[in-house]
Amino acid sequence: MKKKYLLLSIVATSIFASCSNDSVTEEFNNANGNTVEKFIERVEFTSAQDIEENETVTINYDTNNRVSSITDGYDTSFLVYEGDDLSTISGDGDPLDIDELYQSPYDVFETGDVQEYDNNGNPIIISVFNEDDYTGEVTEIIATISYDSKPNPYFHTLNAAGIIDVMDGVRFNFSMTPQSTEIIRARALFPLNNISGMVFKNPEGEIVSELKIDYAYDAQDYPTSATFTTEQDNETNIYAATYHYKN
């Protein structure tokens, strides 16, 4: 499975359903308290099934500690700022074109609709509308998302990229012209804690696929490694990630 730009895949899309007037930063702090600011510099992904799926995502920073570029070794996106605000993202790939999140077997954050949030403001139940590639039939799948009681490890990195300000309503001009609704949807689905699993059920209540994530955390509650296990159609796939942070 392709995991390109996992950093920005946290900025996922769905239908706007949030009634909160708080900023993302306020909501994050309310859910996690005052966290230590750590910035992701590199994430190494490995697949237990196919070595060709292995890749390393690298985040580069400028002298002002802002994210300047993101690359997987093949595609690179460059971030440009005007003053303190992110103005454009350009490059080989579209960093807001979300294919998957944490090895999800469905594009849950791209085609879903939030049904319920937990007390911290995390989306925990999402309706996913899955279209059959052959028949065109659309089926509603219910995704239930669980979280560790740890902060979203991408938050401060996304803040350094100006993405948090974008979700809070700052004017923004993508060179790749995503629709403004993508920003609104991203705002609604931004997880404040660290996702630990997803369970997908069909309309009959049967589990059709499942994702489990096991993390090792450092003393500041940031993941140092993770193991992703997906189960679908009696097939199990395992992926691993190693996280490196900016000094």
Side-chain angles (χ1 to χ4, degrees), residues 3 5-20 22-40 43 45 98 100-128 141-159 163-164 167 185-201 207-232 238-243 245:
K3 299 166 289 300
Y5 302 124
L6 182 60
L7 167 68
L8 291 181
S9 72
I10 292 296
V11 188
T13 58
S14 183
I15 305 299
F16 180 71
S18 176
C19 297
S20 173
D22 291 341
S23 70
V24 176
T25 300
E26 289 172 330
E27 292 178 348
F28 178 81
N29 290 336
N30 288 338
N32 297 291
N34 295 320
T35 62
V36 174
E37 292 188 3
K38 296 182 71 171
F39 305 94
I40 297 173
V43 186
F45 300 98
I98 309 306
E100 57 189 278
L101 173 68
Y102 288 135
Q103 309 301 333
S104 170
Y106 294 94
D107 297 332
V108 55
F109 287 95
E110 188 171 344
T111 60
D113 184 6
V114 179
Q115 298 296 322
E116 185 177 340
Y117 293 87
D118 66 12
N119 291 334
N120 279 351
N122 297 301
I124 56 173
I125 299 179
I126 298 177
S127 296
V128 185
I141 302 294
I142 301 299
T144 302
I145 307 171
S146 55
Y147 297 85
D148 281 350
S149 58
K150 311 289 184 181
N152 180 342
Y154 299 91
F155 176 83
H156 293 295
T157 304
L158 289 171
N159 201 24
I163 299 296
I164 300 301
M167 286 192 288
R185 292 169 180 171
R187 174 71 171 83
L189 268 166
F190 186 76
L192 303 171
N193 295 120
N194 201 16
I195 295 174
S196 61
M198 299 181 183
V199 177
F200 300 86
K201 295 183 179 181
I207 296 176
V208 294
S209 57
E210 190 169 3
L211 164 69
K212 297 178 181 179
I213 313 174
D214 295 310
Y215 298 96
Y217 291 98
D218 63 17
Q220 289 80 38
D221 290 336
Y222 281 79
T224 56
S225 63
T227 301
F228 305 84
T229 304
T230 64
E231 297 181 7
Q232 184 177 6
I238 299 175
Y239 303 85
T242 303
Y243 302 84
Y245 300 92

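Closest of all the heavy-atom pairs between Gln220 and Val36 is CG-CG2, 3.8 Å. When all heavy atoms of Asn194 and Pro153 are compared, the pair lying nearest together is OD1-CD, 3.3 Å. Residues Asn152 and Pro191 come closest through the heavy atom pair ND2-O, 2.7 Å. Ile213 and Ala226 get closest at one heavy-atom pair: CG2-CB, 4.2 Å. Across every non-hydrogen atom of Asp148 and Ser196, the tightest pair is OD1-CB, 3.4 Å. In terms of heavy atoms, Asn193 sits closest to Ala31 at ND2-O, 4.3 Å.
In this structure, the side chains of Ile40 and Tyr245 come closer than 4.5 Å at one or more pairs of heavy atoms. Between Thr35 and Asp221, the closest side-chain pair of non-hydrogen atoms is not below 4.5 Å.
A distance of 7.0 Å separates CG in Leu211 from OG1 in Thr230, rounded to the nearest 0.5 Å. In this structure, OG1 in Thr157 is found 11.5 Å from OH in Tyr243, a value given to the nearest 0.5 Å. From Ile124, atom CD1 reaches atom CD of Glu116 across 4.0 Å, with rounding to the nearest 0.5 Å. Atom-to-atom distance recorded for Tyr117:OH and Ile125:CD1 is 12.0 Å, nearest 0.5 angstrom. Annotation: the span from Lys201 atom NZ to Thr144 atom OG1 amounts to 6.0 Å, rounded to 0.5 Å.
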Report the C-alpha separation of Ser146 and Ile195 in whole Å, then their side-chain angles, then the decisive distance to 0.1 Å, and conclude whether the side-chain contact (heavy atoms from CB on, under 4.5 Å) test is met.
-> CA-CA 6 Å; Ser146 55; Ile195 295 174; over 6 Å; no
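Looking at residues two or more places apart in sequence or on another chain, you find a salt bridge (charged side-chain N to carboxylate O under 4.0 Å, His left out) between Asp218 and Lys38. In this structure, the ring pair (Phe, Tyr, Trp, His ring centres under 6.0 Å) partners of Phe28, at least two apart in sequence or on a different chain, are Phe155, His156. Scored by the ring pair (Phe, Tyr, Trp, His ring centres under 6.0 Å) test, Phe39 finds no partners at all (sequence neighbours excluded).
When the shell of 6.0 Å around NZ of Lys150 is examined, it contains more than 12 heavy atoms from other residues, nucleotides or ligands.
Ring geometry for Tyr217 against Tyr215 counts as tilted: the plane angle lies between 30° and 60°, on a 0 to 90° scale.
At least one donor-acceptor pair under 3.5 Å links the side chain of Asn122 to the backbone N or O of Leu192.
Counting only N and O atoms by type, the side chains of Tyr147 and Asn120 include no donor and acceptor under 3.5 Å apart.
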